[in-house]
Amino acid sequence: MLCAPVNPSRWPVRVHPEIPVTVRVFTQRFSSTRLGARLARHLAPHRLDVWGFPYDSVLSDSAASIVAELAANAATHGRVPGRDLELRLALLPGARYPGTLRIEVSDTRAESRPPGPEGVAPPSDDSETGRGLLLVSALATRWTVLDRHPVGKTVRAEIDFPAPRVA
């Protein structure tokens, strides 16, 4: 079968200026245990420090608290024996802000799915649990729960950060 040659000059050509984009991504798996959640919490600020966001900065502290909560939830509610939880950090260019830190914690238990941001309600005053996702809602610019293929779920939180102050 013969095909007519393709003439690219007939296609509409759109010229987009090349915009340099640096996306930094870090992914690590941990055991679905309290120790694994603790290691994830300690590793997140270290990775941000390597990327130029110092320890004890607002972004580092917020990220550490979000990772601590999401990893603890994955180890407690999403644990499947023999399966790991996964932490993924990504620095993305922002649309309205200079950048966005994306935090994703994944586990392999799809049936134990937390409510989305619209479904989180404050617990009763005498409850000892149920405040973690409220903390995530307070610290993150936005967050959601996604399906993870082939199995499981991912909780994604994003923090938009402003341009650094020039001293």
Side-chain angles (χ1 to χ4, degrees), residues 19-80 83-123 129-165:
I19 300 172
V21 176
T22 301
V23 177
R24 293 185 174 137
V25 179
F26 174 79
T27 305
Q28 179 71 47
R29 288 188 175 194
F30 300 92
S31 63
S32 288
T33 61
R34 292 186 334 186
L35 176 60
R38 180 176 177 259
L39 291 172
R41 176 175 55 88
H42 286 291
L43 189 58
H46 174 71
R47 178 53 49 181
L48 291 175
D49 185 59
V50 169
W51 287 345
F53 298 93
Y55 291 102
D56 296 328
S57 65
V58 173
L59 181 66
S60 181
D61 289 347
S62 296
S65 296
I66 291 171
V67 168
E69 179 54 37
L70 297 182
N73 282 354
T76 304
H77 307 293
R79 184 171 191 275
V80 174
R83 300 293 179 118
D84 295 332
L85 66 91
E86 182 179 273
L87 169 66
R88 183 174 184 270
L89 303 174
L91 280 178
L92 308 170
R96 296 182 308 161
Y97 292 91
T100 298
L101 172 64
R102 178 176 288 167
I103 301 165
E104 294 179 345
V105 176
S106 302
D107 64 59
T108 55
R109 192 163 184 194
E111 68 275 4
S112 178
R113 190 178 177 104
E118 64 285 342
V120 176
T129 62
R131 291 171 179 78
L133 291 177
L134 291 173
L135 176 70
V136 172
S137 292
L139 295 175
T141 306
R142 63 199 148 273
W143 70 277
T144 189
V145 182
L146 307 167
D147 290 330
R148 179 182 185 212
H149 297 286
V151 64
K153 65 183 171 298
T154 297
V155 181
R156 174 187 290 169
E158 295 181 339
I159 305 171
D160 293 332
F161 54 88
R165 295 182 186 167

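Residues R142 and D160 are paired through a salt bridge, judged by an N-O separation under 4.0 Å between the basic side chain and the carboxylate.
Atom CG of D84 is separated from atom OG1 of T108 by 8.5 Å, given to the nearest 0.5 angstrom. Distance CG/L101 to CH2/W51: 7.0 Å, rounded to 0.5 Å. With values rounded to the nearest 0.5 angstrom, L89 atom CG is found 6.0 Å from L48 atom CG. The distance from atom NE2 of H46 to atom CZ of F26, rounded to the nearest 0.5 Å, is 8.0 Å. Between D147 atom CG and S106 atom OG the span is 11.0 Å, to the nearest 0.5 Å. In this structure, OG1 on T33 lies 7.5 Å from CG on L39, to the nearest 0.5 angstrom.
Legend: residues meeting ring-ring contact (aromatic ring centres under 6.0 Å, His included) with F53, ordered by chain and number and at least two apart, are F161. Remark: T144 engages L146, R156 in a side chain to side chain contact (heavy atoms under 4.5 Å, CB included) (not counting sequence neighbours).
With E104 as the fixed residue, the side-chain contact (heavy atoms from CB on, under 4.5 Å) test singles out one of L87, T154, T27, V67: T154.
S60 places no side-chain N or O within 3.5 Å of a backbone atom of S57 that could act as its donor or acceptor partner.
Residues T100 and T141 have side chains not in contact (no heavy-atom distance under 4.5 Å, counting atoms from C-beta outward). Put simply, the side chain of W143 does not reach to within 4.5 Å of the side chain of L70, judged on heavy atoms. R47 places none of its side-chain heavy atoms less than 4.5 Å from the side chain of Q28. N73 is listed as a side-chain neighbour of L133, based on a closest heavy-atom distance under 4.5 Å.
Here the shortest heavy-atom pairing between R29 and R148 reads NH2-NH2, 3.6 Å. Of all non-hydrogen atoms in I66 and A157, the two that sit nearest each other are CG2-CB, 3.9 Å. Across A74 and V105, no two heavy atoms sit closer than the pair CB-CG1, 3.9 Å. Considering every non-hydrogen atom in both V25 and A90, the closest pair reads CG2-CB, 4.1 Å. The minimum heavy-atom distance linking R41 with A64 is given by the pair CG-O, 3.9 Å.
In the displayed structure, H42 atom NE2 is contacted under 6.0 Å by more than 12 heavy atoms of other residues, nucleotides or ligands. More than 12 heavy atoms of other residues, nucleotides or ligands sit less than 6.0 Å from atom CZ of R88.
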